[in-house]
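By convention here, the first residue in the shown sequence is residue 1.
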Amino acid sequence: MRTAAAVRRLAFRGAMLASRARFWRPLARHAERPAEAQAAVLTRILARNQATEFGVAHRFASVSTPDQFRAHVPLQQYESLRAYVERQRLTGAPALTAEAPIFYAQTSGSTGAPKYIPVTATTLKLHREEQALFTYLQYRARPEAFAGTAWGIMGAAVEGRLDSGHAVGSVSGYLYESLPTALRSRFVVPPAVSSIEDYQTKYLVILRLALASADITYLGSPNPSTFVRLLDLLNERRDDLACSLETGSLAPLGGPGGLDALDRGLWAELAARITKQRARAAQLRTSKRLTYADLWPGIRLLTTWTGGSCGVALDALRRVLPRDCSVMELGYQATEVRGTLALECEAAGGIPPLHHHYFEFVPQDRWEADQPSYLGLADLEPGQRYYVVITTAAGLYRYVMNDIIEVTGRFRNTPLLRFVQKGRGVTSLTGEKLYESQAIEAVQAAAHALGVEVSFFLLVADHAVSGYHLYVETGPGLPGTSPPAPTALAATMDGRLTELNIEYRSKRASARLAPLAVSRLRAGSAEAYKASCVQQGQREGQFKPRVLQYRKDLAWPVERYVID
């Protein structure tokens with residue numbers, strides 16, 4: 001047994017040495033000359049796609065410099081690309097890319113309609129290379145984290161089908177399925193578990209699978225709030241989990257809409273992993289609140305997002321991890337692009353894969369003043385913040401991410417970047433990416449449904465409670481009606497937001513996002529808010545209230561105006 005384990009460790013070390021030579025050393029060489037690497041990426045992307053509808057319309061064939069690229073191609077958002085995406089998806093015509101997408105990754109859109117991000121064979125290859133590179137960097141940072149099993153939270157490779165027959169799935173699921181068998185066997189939770197629709201059941205199954213492996217040395221999830229929620233659920237349902245461990249059955253975890261809804265294929269996959277674990281069950285039968293340190297003392301590395309709104313959840317998670325567990329930033333990463341790769345544990349920033357994607361940056365103050373000036377990667381200054389524009393092999397050309405990053409240092413001649421927060425008009429506490437337009441539509445829908453006139457509102461994203469608080473000033477309403485109770489308004493608006501934003505819906509369903517809270521404001525609050533903003537420097541003639549913002553950014557003392 002020990003010999004087999006030693007052979008596996010030796011094979012894994014060999015794979016990591018191969019990754020260093022194949023992926024890390026080339027990136028390190030590119031980091032010496034970032035401007036050259038970026039120019040080569042842009043040339044390659046445009047050359048491959050110059051005969052597409054988008055490429056012809058924007059004269060890719062005549063572009064030879066970044067300045068010409070900016071002159072020919074205006075800034076794009078998903079809505080300006082949606083028609084191209086849909087035409088290629090439905091007809092197969094090379095609208096955005098010469099290479100046909102093999103599947104689509106789904107995320108929320110600003111209009112409520114989901115965004116379908118194309119994933120071609122080339123972009124999937126780049127994802128695989130980036131994942132292999134990041135695995136090497138993690139191994140280099142904490143090799144002991146790869147001695148045991150891994151508890152990763154990932155999406156399913158195929159989550160559904162579009163009307164065109166294309167699969168909708170997660171890149172992480174596809175990457176998992178492409179891993180060598182030896183690497184896949186380390187993960188205690190297969191990605192198919194992500195297909196369980198009932199979040200309570202899904203999380204209980206995840207916990208049951210993790211509890212069966214006492215030798216977990218690695219944790220990974222994009223958002224640390226997932227592991228915070230899992231631990232809360234473990235303590236809430238420890239008796240049921242202990243019973244499942246004792247009997248070797250999932251039955252104690254069942255409930256309405258839960259285990260009965262699992263398909264046969266998943267049942268078969270789970271059956272091989274669910275065995276009797278009486279000693280493990282005894283560990284759960286204790287009066288104290290259990291932690292990850294209690295149950296998995298060998299955890300040595302947590303890979304997750306550490307910046308932006310994830311910091312609050314991460315602080316809570318650190319307190320229940322083993323003391324010797326390091327944290328490594330997952331990196332600036334979105335459905336559209338992987339923007340950075342962390343080089344060390346506890347590092348604030350990471351290196352962009354500058355040989356895979358083309359990046360442009362606009363200083364934050366210039367962007368927010370609507371006077372953008374575009375910089376290349378080599379032009380960025382330490383300590384400064386920028387908005388990000390990307391161009392990728394998947395057909396996202398000069399695509400505005402609406403993300404703010406900060407330069408934290410340099411590796412050789414390439415800036416190291418960290419994600420700070422979403423930009424104007426978007427908030428995200430736990431990955432829901434709620435847009436101001438969605439907040440406005442939800443308030444209007446709730447007001448119409450309840451027969452109330454809303455004269456002013458603020459929707460505040462609160463890190464402290466991982467939830468949203470609606471502050472609303474209402475008018476007289478319809479004749480013969482009285483203002484609705486805050487609970488009714490909260491329920492109606494919350495329901496509308498779940499309809500408009502698929503990620504808000506999933507975060508609410510999994511309890512990672514708290515229920516919406518509502519407080520009514522006294523008459524005259526709108527004018528008081530406007531006066532405060534003007535006093536702080538906004539022009540009265542151009543005043544537009546920021547109706548969606550973070551609690552930490554709200555300078556106006558809203559609680560003084562609350563009446564209930």
Side-chain angles (χ1 to χ4, degrees), residues 1-29 31 124-154 157 171-192 209-221 269 272-273 275 277 279-280 292-293 295-304 321-331 338 341-347 350-351 353 355 411:
M1 196 74 170
R2 290 181 180 176
T3 302
V7 169
R8 286 195 298 270
R9 286 196 295 271
L10 187 61
F12 188 79
R13 183 173 182 274
M16 293 300 97
L17 290 174
S19 291
R20 179 178 67 180
R22 184 178 176 187
F23 303 119
W24 168 243
R25 286 177 177 168
L27 176 59
R29 287 195 297 270
L124 188 57
K125 177 178 178 289
L126 297 180
H127 280 300
R128 287 185 179 129
E129 290 181 5
E130 289 161 4
Q131 184 56 44
L133 173 56
F134 189 51
T135 299
Y136 163 71
L137 292 170
Q138 292 174 92
Y139 176 79
R140 184 180 72 170
R142 288 301 302 261
E144 60 272 42
F146 293 83
T149 54
W151 182 358
I153 307 295
M154 66 199 82
V171 172
S172 64
Y174 269 86
L175 292 176
Y176 173 88
E177 291 193 347
S178 68
L179 289 174
T181 303
L183 280 178
R184 284 205 309 270
S185 65
R186 290 188 61 240
F187 286 87
V188 299
V189 180
L209 293 169
L211 286 165
S213 296
D215 66 336
I216 291 173
T217 54
Y218 175 94
L219 294 183
S221 174
E269 188 168 3
R273 299 170 181 253
T275 59
Q277 304 257 334
R280 195 64 159 156
Y292 288 103
L295 295 168
W296 297 279
I299 295 172
R300 291 295 174 266
L301 181 64
L302 164 68
T303 301
T304 190
L321 291 170
R323 289 185 179 180
D324 196 27
C325 177
S326 300
V327 177
M328 197 160 184
E329 168 63 55
L330 182 60
R338 184 164 199 156
L341 298 151
L343 301 181
E344 303 289 345
C345 293
E346 311 295 343
I351 187 170
H355 56 323
F411 173 75

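- Considering all non-hydrogen atoms of both residues, L301 and C345 come closest at CD1-SG, 3.8 Å.
- Scanning for salt bridge (charged side-chain N to carboxylate O under 4.0 Å, His left out) contacts around E130 gives an empty result, with sequence neighbours left out.
- The two residues A342 and M328 come nearest to each other via the heavy atoms O-CE, 3.5 Å.
- In this structure, CG in L175 is found 13.0 Å from CZ in F134, a value given to the nearest 0.5 Å.
- For the pair Y174 and R128, the minimum side-chain heavy-atom distance is 4.5 Å or more.
- T217 and R186 make their closest contact through OG1-NH2, 4.2 Å (heavy atoms, listed as atom of the first residue, atom of the second, distance).
- Of all non-hydrogen atoms in A192 and E269, the two that sit nearest each other are CB-OE1, 3.8 Å.
- Nearest heavy-atom pair, R273 versus V189, reported as atom, atom and distance to 0.1 Å: NH1-N, 4.3 Å.
- Counting heavy atoms from C-beta outward, P353 and E129 have side chains that stay 4.5 Å or more apart.
- Looking at R280, its side chain does come within 3.5 Å of a backbone N or O of L211 through a donor-acceptor pair.
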Original post:
What's the verdict on side chain to side chain contact (heavy atoms under 4.5 Å, CB included) for L126 and H355, showing C-alpha distance, side-chain angles and the deciding distance?
Top reply: CA-CA 10 Å; L126 297 180; H355 56 323; over 6 Å; no
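- Here the side chains of L209 and W151 are not in contact, with every heavy-atom distance at 4.5 Å or above.
- Here the CZ atom belonging to R25 is positioned 13.0 Å from the CG atom belonging to L133, to the nearest 0.5 angstrom.
- Between W24 atom CH2 and I351 atom CD1 the span is 5.5 Å, to the nearest 0.5 Å.
- Listed by chain and residue number, F146 satisfy the ring pair (Phe, Tyr, Trp, His ring centres under 6.0 Å) test with Y218 (two or more places apart in sequence, or in another chain).
- At least one donor-acceptor pair under 3.5 Å links the side chain of T304 to the backbone N or O of S221.
- The closest donor-acceptor contact from the side chain of R140 to the backbone of L343 lies under 3.5 Å.
- Looking at W296, its side chain never comes within 3.5 Å of a backbone N or O of L219 through a donor-acceptor pair.
- Between the R20 side chain and the Y136 main chain, no donor and acceptor come within less than 3.5 Å of each other.
- With sequence neighbours excluded, the residues that form a salt bridge (charged side-chain N to carboxylate O under 4.0 Å, His left out) with D324 are R142, R300.
- Applying the 6.0 Å contact sphere to CZ of R22 captures no more than 12 heavy atoms from other residues, nucleotides or ligands.
- In terms of modelled atom types and a separation under 3.5 Å, the side chain of E344 and the main chain of A141 share no donor-acceptor contact.
- Across every non-hydrogen atom of V188 and P190, the tightest pair is O-CD, 3.8 Å.
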